[in-house]
Amino acid sequence: MLPWRRIRRIRKTKTRTLLPALALAVAATAATPTAALATDTASEAVSSGWNNYSCKPSAQHPRPVVLVHGTFGNSVDNWLGFAPYLVQRGYCVFSLDYGQLPLVPLFNGLGPVDRSAKQLSAYVDRVLAATGAAKVDMVGHSQGGMMPRYYLKFLGGAPKVNALVGIAPTNHGTTLSGLTKLLDYFPGAGDIIAKGAPGLMDQVVGSDFLRRLNEGGDTVPGVRYTVISTKYDEVATPYRAQFLSGPNVRNVVIQDLCATDISEHLTIGLTDGLAFHEAVNALDPEHATPTTCASDD
């Protein structure tokens, strides 16, 4: 049997190895592959037709759409596919950065989720003031589909939001395909991660943040909720933990609409035309059309 001191030294070494491994695992699957392109997020977004504060909602689309990126994402990279898709259909579209950490450029959504929700609150007020609209609609990917629920429930956001669409949201936390279970074998590892990137630990199944968020029910009155999930999600796992319960909720599994769709956590938010089509149906249910394998346009 190894001497106790040597065992302690091995445990410390494994802990130091585990932390970057977990971070890299999340980054590899949740970060957008085009982060290096976001050198000037504001100018790129405006040039593509979104984050244009002179945009005025039309009678057909009377509410601006606020896009909320996921963990390790940012206001441009996460929406290079979906934001132009909405603009082409006549929506006023806006996206924010939130959850920034000092000295960590481009990769956002790492700060405490409750603080990120306060950033969202301020941003919604900015969008409403610029557009003159009474309410916004929201579409969020991953953490961005879950975090707005804190804004709705605790920060007075419900009267300002008509609909929340979550694409692969971490509504009830994630096991990260089982990786988070490794934390049980290394006491203190979770505390280290929480100190460096609290937004990650807030999304682990059973976190204090999620218990508070979901206590007393998943939804608030007056808001319509849609969850769009994929069976092949490897980040927000198990995928059914993304679903919400309550009135005015629709949970959608993209493979139930098209069995051949193989999108996983990243691609369902970045490039999946079926998910985009279903999100637009949720934004404008009066003019919804069936989402099928042919909806990928």
Side-chain angles (χ1 to χ4, degrees), residues 30 32 38 41-42 45 50-53 55 57 63-79 82-83 86 91-101 104 106-131 133-171 173 197-203 207 209-210 212-214 218-227 236 242 244 269 279 282-283:
T32 57
T41 59
W50 90 90
N51 282 342
N52 178 359
Y53 287 89
C55 185
R63 292 175 298 276
V65 180
V66 174
L67 304 179
V68 190
H69 66 72
T71 310
F72 289 102
N74 62 57
S75 61
V76 170
D77 288 353
N78 214 140
W79 304 115
F82 188 52
L86 289 176
Y91 289 89
C92 291
V93 183
F94 302 87
S95 58
L96 78 156
D97 288 301
Y98 71 86
Q100 302 92 328
L101 293 181
V104 181
L106 303 180
F107 299 104
N108 301 328
L110 299 173
V113 178
D114 56 353
R115 293 185 186 177
S116 294
K118 293 178 181 178
Q119 291 179 273
L120 175 62
S121 177
Y123 190 78
V124 169
D125 288 346
R126 179 185 177 190
V127 169
L128 292 176
T131 61
K135 291 187 177 184
V136 302
D137 289 323
M138 289 185 182
V139 180
H141 178 226
S142 193
Q143 180 186 167
M146 174 273 292
M147 178 269 281
R149 292 178 48 229
Y150 189 93
Y151 163 62
L152 298 176
K153 191 170 185 177
F154 297 112
L155 301 180
K160 303 176 184 179
V161 178
N162 172 70
L164 171 61
V165 181
I167 302 176
T170 53
N171 279 321
L200 297 181
M201 292 304 296
D202 279 348
Q203 295 178 81
S207 73
F209 172 83
L210 287 170
R212 184 184 178 203
L213 176 63
N214 294 314
D218 292 346
T219 64
V220 297
V223 179
R224 291 188 292 105
Y225 297 83
T226 302
V227 173
Q242 301 171 20
L244 295 174
L283 296 177

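Values reported hereafter were calculated over all heavy atoms of this structure, with side chains retained and with hydrogens, waters and symmetry mates removed.
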Subject >> side chain to side chain contact (heavy atoms under 4.5 Å, CB included) evaluation trace for Phe94 with Thr131 >> reply: CA-CA 11 Å; Phe94 302 87; Thr131 61; 3.7 Å; yes
Original post:
Would you find a donor on one side and an acceptor on the other, under 3.5 Å apart, between the side chain of Asp77 and the backbone of Gly73?
Top reply: no
Subject >> Side-chain (Asp97) to main-chain (Ser75) donor-acceptor, under 3.5 angstrom >> reply: yes
Hey, what do you get for [atom1] ([X]) to [atom2] ([Y]), rounding to the nearest 0.5 Å?
X      : Y      : atom1 : atom2 : result
Ser207 : Leu200 : OG    : CG    : 11.5 Å
Leu110 : Leu101 : CG    : CG    : 4.5 Å
Trp50  : Phe82  : CH2   : CZ    : 11.5 Å
Asn214 : Asn171 : CG    : CG    : 7.0 Å
Thr170 : Gln203 : OG1   : CD    : 4.0 Å
Asn78  : Ile167 : CG    : CD1   : 8.5 Å

Check side-chain hydrogen bond (donor to acceptor under 3.5 Å, both in side chains) between [X] and all other residues, then give those that pass, not counting sequence neighbours.
X      : answer
Gln143 : Thr71
Lys153 : none
Tyr123 : Asn51, Tyr53

Atom of [X], atom of [Y] and distance for their closest heavy-atom approach:
X      : Y      : result
Tyr91  : Val65  : CD2-CG2, 3.7 Å
Ser142 : Gly70  : CB-CA, 4.1 Å
Pro57  : Cys92  : N-SG, 3.6 Å
Ser116 : Gly99  : OG-CA, 3.4 Å
Met138 : Val161 : CE-CG2, 3.8 Å
Gly111 : Pro198 : C-CG, 3.9 Å

Original post:
Listed by chain and number, what are the ring-ring contact (aromatic ring centres under 6.0 Å, His included) partners of Tyr225, not counting sequence neighbours?
Top reply: none
Subject >> Results of ring-ring contact (aromatic ring centres under 6.0 Å, His included) for Tyr151 - residues two or more places apart only >> reply: none
Would a 4.5 Å heavy-atom cut-off, applied to side chains only, mark [X] and [Y] as touching?
X      : Y      : value
Asp137 : Val165 : no
Tyr98  : Met147 : yes
Leu67  : Val93  : yes
Leu120 : Leu155 : no

Residues which pass side-chain contact (heavy atoms from CB on, under 4.5 Å) with [X], listed by chain and number, not counting sequence neighbours:
X      : answer
Lys135 : Arg63, Asn162
Ala158 : Val220, Val223
Asp202 : Pro112, Val113, Phe209

Subject >> Pairwise salt bridge (Lys or Arg N to Asp or Glu O under 4.0 Å) hits with a residue in residues 107-116, at least two apart >> reply: none
Original post:
Regarding Arg212 and the six-membered ring of Phe154, is the cationic atom NZ or CZ under 6.0 Å from the ring centre and inside 45° of its axis?
Top reply: yes
